[in-house]
Structure formats: structure tokens, C-alpha cells
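Below is one structure, written out as C-alpha cells; the observations come after it.
Note that these values count all heavy atoms, side chains included, but never hydrogens, waters or copies made by symmetry. Note that the coordinates shown come from a computational prediction; the quantities given were computed from them, not determined experimentally.
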Amino acid sequence: MGNDWTFIGYDTSEQLAIIPRQHYVIAYKRAKYVPNNDAVAGAEQGVRIAPRPDQILPKSIAHSSVIADVITRKFVDGLPFYRQEAIHARAGIALSRQTMSGWVIQLHERLSPLMAAMKRLLYQGRVIHIDETRLQVLNEPGRANTQLSYMWVYGGGPPDQPVIWYQYADTRSGEVPEAFLYPKGEEPPESAMYLVTDGYDAYNALAKTPGILGHAACWAHVRRRFVEATHGRKHTAAAHQMVALIRKLYQVERAAREKPPEARKALRQKRARPILDKIKTWLDEKVVKVLPKSPLGEAIAYTLGLWPKLTTYLEDGHIEIDNNKAENAIRPFVIGRKNFLFSGSPRGADASATLYTLVESAKANDLEPWAYLNYLFEKLPAAKSEKALLALLPQNSKMEDLNR
């Protein structure tokens, strides 16, 4: 600027930029030894080579970081393998969808001890949430490819160590969760839990098993039906009245959210029970005045049919007012399903359930999925003891440990 101007500093602005993904090759150098003479012990064996470190997928070309990236893109971002294949091809890397599918099947087998440990943790909570959604699976024995199967989701475990568990089944029968939680021929867990579900009747058999303390229904489903009734042609004012009453129940829940279970129970007894009494009176009055097949009539009938279950949450402060924990857990799968549409085989569906369990449990425990999977795939082959295995569960991991 010349001598007429004095420099006084910089005006700084920022732009977001990106460094494209980079792949690199890790070379493992293993020392080789030969005996100095024939008198050396073991000389007849010839050349000795230091063992290669254990790998999550033995003899695979992929490092744990690549496998974690493929799994994260499929089961977190909903990116099907055929799209990942095309993305790798643009970078000059030949990685087929068949290879990636094979990795998923192999991981399912390698992860089975870890999954068994996580399932034991599922029983250590006071409450278990369950939901299910449709899934199309090809090549199921004795079934047409057009028949629907289901992905079930269970949300449980201690409050500070949540477990989100996925299970593939070829049926929507209530026998599925019952057999999963309390398999015949196995010693039932000592712990007991409250069951939280939507209004699907198939859960009633599970609710009668000795390990279930009580069955709570979902107020979010009730509210949804009355909200739909507000869009009908008649009785919209009455539907709005019920929506307002349910809103008051949720206001109590917001006030109770950060309180310990006993305090939540006490607050509900004091503030929510009178609201529930008003709701019940309102339902009993309206049910005889509204057409049963109208939107409002159906909403009222649905609510009255579930009434004992809709008040179960007053019994214990651990119970949530709704089943949103399970519904939120199953949503990532539903989003992914829109992209990959179906599983190619029952083995693939089982493997997908395992990997959804891992990534969603990692997210529930505040872990970044890729970082956790990369850490797990690197450390699991060396975990030879029960203690080492338990340390690798997402419930026992912290982000600062994953970044070391």
C-alpha cells in the first residue's frame, strides 16, 4: 500500500472445504528366519516367519477401517452396496457388492460372542420396548419372494448402558419376541421387566410370561389417532379436546424427565392420575354418542381397549409414557429399507440385524459409529477373555478410548 498506509492486521473469513476420501495400503512386514546350521533345534522346519496379527476377517484385503466404512455407509447412511461399488469404481478401486456382502456374512459369525454378551445386558434394565416392521427377504425356504418377513427391535438394558437389538424373523407372530427373550429349554434370566409396546395383540402372550412385571401401552399411538380424528368431517372439536388432555400428560412427563424413578412415580401420581381420570370419564361419555366407525369413534374404541395398559406407566418411574424408544430405534432401518428394498437371503437378514444392533447401540451410547466399528474390528481378534470381550461392548466404550 505504500508508505501512506500502516498494516494493522487481517480481516478473517472462513469457507468450508473438503479433502476427497483417500485410500492407502498398509504393508505388514513379518520377520523371516533360517537356521544357521542343521544342529539348531527345529531346523528341519526350514524358514520361520513371524505370525501375522489376527484380523477380524482373516485373509481379507480390507483393513478394519475399510470394513467399518462399508458397514457405516450401509447401516447408518443407508447406502446400498451397488452404490458403494460405483463410488469405489470412480476412485479406481475394484470392490464388488458381492465382496462387501460376503464381509457382512462373515462379520455376523465373528461377532456372535460379542452379541451374546450384549444380549445378557439387555435383561439388566427395568423396561423393555419392542416394535416391528416389515422386511422382504429373498430365498427363504418354503416361502415366495413376495411374502413379507419382519425386523423386530428391542430397546432395553440399564438406563446408562442402553441396548438396541434387532432381530430378523419370517413372521409377525407374538411367538417371536417370546422365544427371543425366554427361549424354551434355557434358564430364564433372574431379572424382571416391564413391557412397553403399541396396541398389537400379539404382544399379549409375552406379557403373561413370568419375567414380565406388567404391560404398558403407548400414548403416542393414542394421540396419533385423535390427531387424525381432528381432520375428520364431524366431532373435530371433541377430538381436539382429547388431544389437549393428552398434551397435559406429556407436560407432566417433561417436568418428570430429569427426576429419579421414585420421584417420577410420585409426580405422576400427583399430577398425571387426575388427568387420566378426566380422560377416562371423557371416553366413557363420548363412546355412546359417536359413530363407532367414524375416526373419533375408532380412536375412542382403541383407547378404551388399551386402558389398563395405558395406566401401567403410573406403577414405576422407569416406564416411559410411550414406545418412542423402539419407534425411534426402528426408524433408521425403515429409512435404509427404502434404499436397499430387500435382503438377498435369510443369512443376510440375520447379519443385517447384527450390524444394525451394533451401530444403533453405539449411537445410543453416544459413540460415533465408524469410530466404534473401526476400534471394535481392530481389537476384537485379540480379545481372548470374557473381560476383554466385555470391554469392547459399545456400552463399555467411550469416544476418547476409540480415538487413541
Side-chain angles (χ1 to χ4, degrees), residues 52-89 93-119 133-143 145 147-153 164-171 176 180 332-333 336-337 339-362 369-370 372-383 389 392-394:
R52 182 177 178 177
D54 290 337
Q55 306 290 312
I56 185 69
L57 299 182
K59 299 182 181 180
S60 171
I61 64 167
H63 182 258
S64 58
S65 59
V66 172
I67 301 170
D69 181 71
V70 167
I71 299 305
T72 301
R73 286 171 174 265
K74 170 70 180 286
F75 296 99
V76 178
D77 301 330
L79 197 62
F81 288 146
Y82 76 89
R83 292 185 188 171
Q84 295 195 50
E85 181 182 16
I87 291 170
H88 282 99
I93 298 170
L95 186 55
S96 72
R97 67 193 77 178
Q98 291 82 7
T99 296
M100 291 182 279
S101 296
W103 291 351
V104 169
I105 299 296
Q106 293 177 68
L107 285 171
H108 174 59
E109 298 169 356
R110 294 289 300 234
L111 292 167
S112 57
L114 186 82
M115 303 307 292
M118 194 187 301
K119 186 178 178 182
T133 190
R134 59 182 176 80
L135 167 67
Q136 188 173 0
V137 180
L138 307 184
N139 300 312
E140 290 178 307
R143 287 164 58 89
N145 287 338
Q147 288 184 270
L148 287 180
S149 294
Y150 291 86
M151 189 68 81
W152 297 73
V153 66
I164 306 298
W165 188 284
Y166 287 76
Q167 179 198 14
Y168 149 70
D170 62 4
T171 175
V176 173
F180 171 74
F333 172 79
R337 184 182 62 198
N339 293 302
F340 55 75
L341 301 180
F342 57 82
S343 288
S345 69
R347 289 181 68 200
D350 277 328
S352 294
T354 291
L355 292 166
Y356 269 114
T357 296
L358 271 181
V359 298
E360 290 304 318
S361 291
W370 178 88
Y372 171 68
L373 292 177
N374 181 46
Y375 175 82
L376 173 65
F377 296 163
E378 190 75 16
K379 301 295 184 182
L380 184 60
L389 192 68
L392 295 177
L393 289 172

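Going from atom CD of Gln167 over to atom OH of Tyr150 covers 14.0 Å, rounded to the nearest 0.5 Å. Note that CD1 of Ile56 and CZ of Arg110 are 5.0 Å apart. Values are rounded to the nearest 0.5 Å. Residue Tyr356 holds its OH atom at 10.5 Å from CD1 of Ile71, rounded to the nearest 0.5 Å. A distance of 5.5 Å separates CG in Asn139 from CG in Asn145, rounded to the nearest 0.5 Å.
Counting only heavy atoms from C-beta outward, the side chains of Pro58 and Pro381 never approach each other to under 4.5 Å. Using a 4.5 Å heavy-atom threshold, the side chains of Ile61 and Thr99 count as separate.
Every pair passing salt bridge (Lys or Arg N to Asp or Glu O under 4.0 Å) that includes a residue from residues 55-69 is listed here, sequence neighbours excluded: Arg21-Asp69, Asp69-Arg73.
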* Test Leu358 against Met115 for side chain to side chain contact (heavy atoms under 4.5 Å, CB included), laying out the working first. => CA-CA 8 Å; Leu358 271 181; Met115 303 307 292; 4.3 Å; yes
* Passes side chain to side chain contact (heavy atoms under 4.5 Å, CB included), Lys74 versus Leu355? Steps please. -> CA-CA 10 Å; Lys74 170 70 180 286; Leu355 292 166; over 6 Å; no
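With sequence neighbours excluded, the residues satisfying side chain to side chain donor-acceptor pair (under 3.5 Å) with Glu140 are Arg143, Ser149, Tyr168. Here Phe180 pairs with Tyr154, Trp165 under the ring-ring contact (aromatic ring centres under 6.0 Å, His included) rule; sequence neighbours left out. Evaluation of the side chain to side chain donor-acceptor pair (under 3.5 Å) rule for Ser352 yields no partner, not counting sequence neighbours. Considering only residues two or more places apart in sequence or on other chains, Ser112 meets the side chain to side chain donor-acceptor pair (under 3.5 Å) condition with none of them. Under the rule for a salt bridge (charged side-chain N to carboxylate O under 4.0 Å, His left out), Asp170 has no partner lying at least two apart in sequence or in another chain. Applying the side chain to side chain contact (heavy atoms under 4.5 Å, CB included) rule to Pro80 yields the partners Tyr82, Arg83, Asn339, Phe340; only residues at least two apart in sequence or on another chain are considered. Residues forming a side chain to side chain donor-acceptor pair (under 3.5 Å) with Gln84 (at least two apart in sequence, or on another chain): none. Residues passing the side chain to side chain contact (heavy atoms under 4.5 Å, CB included) test with Ala353 are Met151, Tyr166, sequence neighbours excluded. Residues satisfying the salt bridge (charged side-chain N to carboxylate O under 4.0 Å, His left out) test with Asp77, not counting sequence neighbours, are none.
Scanning all heavy atoms of the two residues, the minimum distance from Ala362 to Pro394 falls at CA-CB, 3.9 Å. When all heavy atoms are compared, the tightest approach of Ala349 to Leu135 is CB-CD2, 4.2 Å.
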For residues 372-380, please give each side-chain donor-acceptor pair under 3.5 Å, one per line with the distance, not counting sequence neighbours.
residue : atom : partner : partner atom : Å
Tyr372  : OH   : Leu392  : O            : 2.7
Asn374  : OD1  : Ser64   : OG           : 3.2
Asn374  : OD1  : Ser65   : N            : 3.2
Glu378  : OE1  : His63   : NE2          : 3.4
Glu378  : OE1  : Ser64   : OG           : 2.6

With a 3.5 Å cut-off and sequence neighbours excluded, list the donor-acceptor pairs that the side chains of residues 100-108 form with protein atoms.
residue : atom : partner : partner atom : Å
Ser101  : OG   : Arg97   : O            : 2.9
Gln106  : NE2  : Gly102  : O            : 3.4
His108  : ND1  : Thr354  : OG1          : 2.8

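With hydrogens and angles disregarded, a donor-acceptor distance shorter than 3.5 Å links the side chain of Thr72 to the backbone of Ala68.
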